Number of protein chains: 4
Amino acid sequence: MRKNRPKYKQIIEAAVETIADNGYHASQVSKIAKKAGVADGTIYLYFKNKEDILVSVFEEKMGQFIEQIASSINDKQNADEKLRTLIEMHFLQLANDHHLAIVTQLELRQSNSALRMKINEVLKPYLVVIDDIIEEGTEEKIFRDDLNIPLVRQMIFGTLDEIVTNWVMKEQRYDLVKQTSDVHTLIINGLSVKEIVKED
Amino acid sequence: MRKNRPKYKQIIEAAVETIADNGYHASQVSKIAKKAGVADGTIYLYFKNKEDILVSVFEEKMGQFIEQIASSINDKQNADEKLRTLIEMHFLQLANDHHLAIVTQLELRQSNSALRMKINEVLKPYLVVIDDIIEEGTEEKIFRDDLNIPLVRQMIFGTLDEIVTNWVMKEQRYDLVKQTSDVHTLIINGLSVKEIVKED
Amino acid sequence: MRKNRPKYKQIIEAAVETIADNGYHASQVSKIAKKAGVADGTIYLYFKNKEDILVSVFEEKMGQFIEQIASSINDKQNADEKLRTLIEMHFLQLANDHHLAIVTQLELRQSNSALRMKINEVLKPYLVVIDDIIEEGTEEKIFRDDLNIPLVRQMIFGTLDEIVTNWVMKEQRYDLVKQTSDVHTLIINGLSVKEIVKED
Amino acid sequence: MRKNRPKYKQIIEAAVETIADNGYHASQVSKIAKKAGVADGTIYLYFKNKEDILVSVFEEKMGQFIEQIASSINDKQNADEKLRTLIEMHFLQLANDHHLAIVTQLELRQSNSALRMKINEVLKPYLVVIDDIIEEGTEEKIFRDDLNIPLVRQMIFGTLDEIVTNWVMKEQRYDLVKQTSDVHTLIINGLSVKEIVKED
DNA sequence: TATGAATGAGCATTCATTCAT
DNA sequence: AATGAATGAATGCTCATTCAT
């Protein structure tokens, strides 16, 4: 299988680096090939075309990303803990791979709609993970039972995504992972003053 | 001032339509010129280059967008009402202008990072409006006083943005404005079950 | 009309020269543009694509070629004279334009089938001219009345074409036009010994 | 000798089929190798390069073609009969091998001039056969004694070639061999009305 | 102001050929 | 003898921008 051959991974890694360093539009196939240490033509033994490289980058990296999160969540006891872990792992993984963060948050968004449709497909399993947590929380009576699940999912994903994008655009100058707790609280409790409510 | 000359607005409108109809990458300067009813060269009497057209589109349209929201908020009594109004107006304006929604949520994101930085500049006044609401809510003791304001702003903006993008990608098949209340509740109260707390 | 603008003809001439000098496959668009003294992009203001340049070369040159022959034939008195004139003009014109001879006899034949179909279309009027002569000769009782016209036309065209091609491949080292009379006699009388018949 | 090894012939046959099915330009070496059931690299154990494959195709096929004609002619009594047989065999063989007809009349002509020079070399023995018939006819006083032999040969070959090419381009929809008699008469007697001559 | 013809830099992809196994 | 993965040179076309009119 082509995906197991060493050059496949070499090219994927080279693509991430090239895009992170030069930006999406300046990442010619020849540049990726050079960084991967293969000939231009070799690229086409492993990928159908340039778009296929980019989709594969996303598939490989996001596949790991999502698996990592899914497995970290597995041994958590309740939806609240799972949500906290999801946030933390989301931040942690991108904080640990600066190249990947730049590529996913900034560069790959410049792709045309066809490519972005494919990227959305790759993201679907992540959205399912989020949906499952919401449902579990509702069953555990930790979350409200009248939640509009797609909407909640969009809130969670939109929040995390925007936070990471801001962090990347601020050139990653602060600690992303440290925000986990605040973000978790915001999503769970919202802006309102709970204590006031409790004191009723 | 160039912005008051009739052709300036003609070109801006032509750009929005062209991008909405053809997509970002298929919107050549010549196509925009044709739709605006001017010669290609004329474009360059009003705009420095193609990027300048796109930034100006965003400035003009977002300027109105933000003003509209800011003025709607003005006569609301408290931060909670203001936030609800902001959400509603955000949704309402994009729901009322399909072209604009496609352009801002999908097409303009395909621009390179340099252009996106400039677009972020244009968005700043909107972010200030959000920040002000958060501060006001804190002062009114409606919101918690330990809120991390940039984080909250990112949550609010990221949530709204993601919701609108999903709606555009689902081809605007459902009523966006009807989601206002749910989104407002989510942001104010989060996912947690308040009633249990109240029943203490 | 684009065909009357001076650059159109410049490019056509440059294409003929370039192909004659470098051969069909080594005639890049950029080379043609350079010889025409225009930018590469200018080519595409006058021609749809590379194939369109080549078809146009053939159309222009063959158009003149055929017209020249047709008009020379006009004032000839009978089919025999017309045939002789056709042969002479066919040879004369190619003998007078070495570049054109190389291009039509050798280089343009390397084009793919799609292009050659179009080239055949351009040749059709020439074939009609030949057919008309054959019919006229039959009516004048100069030619036999049982002639298979398409076959005769193929004989005449095939003969002339093969003779010119041989001459081009022999690097045009002998006088092509001088062959007119021999060729004419061959086509009119064939190989057989007429005198024997006459002696009856 | 390489030509006797079984893979040599396999590759030749695969090349003819591939070219007939896909056209000259779409007949990559890898496609020929696949159809021949050998690895790409194996081709280069039997042929110097791609051009060598094509020349060899022509050599093999034309060798048989010419031999067939030469031997059929052998037992004919006079030049007239020999010429008729040559025409008939030329048509018959191509009519019997549609693949070969397409390859020789259309596809192989798309090769560059260098290859066509080599192909012409292969054809030389055929031209000699034609020359011999002409000379014999002259000696037998069947043909005129003032014939320009190269010219006559070009007429004969050009005529046959053009007729076959037309037949292939008309998708071989009529009976080529049935034309033998007409073509023979045309070449021997030309267009002219013999009876007029006789009346002298 | 306005025009629009002209410019020319930039790049994904194919495929004949090689060579380590 | 045979393989087939790897190579890398080579090119048509687009489109943002300019500038003579």
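Each chain gets a letter, A, B and so on, in the order its sequence line appears, and its residues count up from 1. Predicted, not measured: the structure shown is a model, and the values here were computed from it.
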- Taking the P atom of each, how far is E:dT1 from F:dT21, in whole Å? 22 Å
- Message: Using a strict heavy-atom distance below 4.0 Å, which residues from residues 10-18 of chain A are in contact with DNA chain E?
- Response: none
- Task: Using heavy atoms to find the nearest nucleotide of DNA chain E for C:G41 and A:G41 separately, return the residue whose nucleotide is more 5′.
- Result: C:G41
- Do any of residues 25-36 of chain B sit with a heavy atom less than 4.0 Å from DNA chain F, and if so which? B:Q28, B:V29
- Message: Using 0.5 Å steps for rounding, measure from the OH atom of A:Y24 to the CG atom of B:N112.
- Response: 12.5 Å
- Task: Provide the start and end nucleotides, 5' to 3', of the part of DNA chain F that has atoms under 4.0 Å from heavy atoms of chain A.
- Result: F:dA6 to F:dG8
- Message: A:R109: which residues meet the salt bridge (charged side-chain N to carboxylate O under 4.0 Å, His left out) condition with it, sequence neighbours left out?
- Response: A:D161
- When the distance from OH of D:Y44 to P of E:dA16 is rounded to whole Å, what number comes out? 6 Å
- Message: Using the side chain to side chain contact (heavy atoms under 4.5 Å, CB included) criterion, which residues pair with B:K118? Sequence neighbours excluded.
- Response: B:E51, B:V55
- Query: Does any pair with a residue in residues 98-117 of chain C pass ring pair (Phe, Tyr, Trp, His ring centres under 6.0 Å), and if so which ones, sequence neighbours excluded?
  - Reply: C:H98-C:W167
- Note on the structure: residues 100-124 of chain C vs ring pair (Phe, Tyr, Trp, His ring centres under 6.0 Å), sequence neighbours excluded, gives none
- Message: Does a side-chain N or O of B:Y46 approach OP1 or OP2 of E:dA2 to a distance below 4.0 Å, or not?
- Response: yes
- Message: My understanding is that only residues two or more places apart in sequence, or in another chain, count here; which of them pass salt bridge (charged side-chain N to carboxylate O under 4.0 Å, His left out) with D:K34?
- Response: none
- Heavy-atom closest pair (C:Q110 atom, D:R116 atom, distance to 0.1 Å) is CG-NH1, 3.4 Å
- Query: Do the ring planes of A:F47 and A:Y8 sit parallel (below 30°), tilted (30 to 60°) or perpendicular (above 60°)?
  - Reply: parallel
- Item | Shortest non-hydrogen contact between A:S27 and A:I32, atoms and distance | O-CD1, 4.2 Å
- Message: Just the rounded figure in Å: distance from C1' of E:dG8 to CG of C:L45.
- Response: 12 Å
- Considering residues at least two apart in sequence or located in another chain, which fulfil the side chain to side chain contact (heavy atoms under 4.5 Å, CB included) criterion with B:Y44? B:V29
- Stems formed with participation of DNA chain F [Watson-Crick or G-U wobble, under 3.5 Å, three or more pairs]: E:2-21 with F:2-21
- Mind checking what makes side chain to side chain contact (heavy atoms under 4.5 Å, CB included) contact with A:E121, not counting sequence neighbours? A:K124
Determine all donor-acceptor pairs shorter than 3.5 Å in which one atom belongs to a side chain in residues 12-23 of chain A; sequence neighbours excluded.
{"from": "A:E13", "atom 1": "OE1", "to": "A:K61", "atom 2": "NZ", "distance (Å)": "3.4"}
{"from": "A:E13", "atom 1": "OE2", "to": "A:K61", "atom 2": "NZ", "distance (Å)": "3.1"}
{"from": "A:T18", "atom 1": "OG1", "to": "A:A14", "atom 2": "O", "distance (Å)": "2.6"}
{"from": "A:D21", "atom 1": "OD2", "to": "A:K35", "atom 2": "NZ", "distance (Å)": "3.2"}
{"from": "A:N22", "atom 1": "ND2", "to": "A:T18", "atom 2": "O", "distance (Å)": "2.8"}

- Note on the structure: By nearest-nucleotide position on DNA chain E, the 5'-leaning member of B:G37 and A:N49 is B:G37
- Task: Output the distance between atom CD (C:Q105) and atom CE (C:M169), rounded to the nearest 0.5 Å.
- Result: 10.0 Å
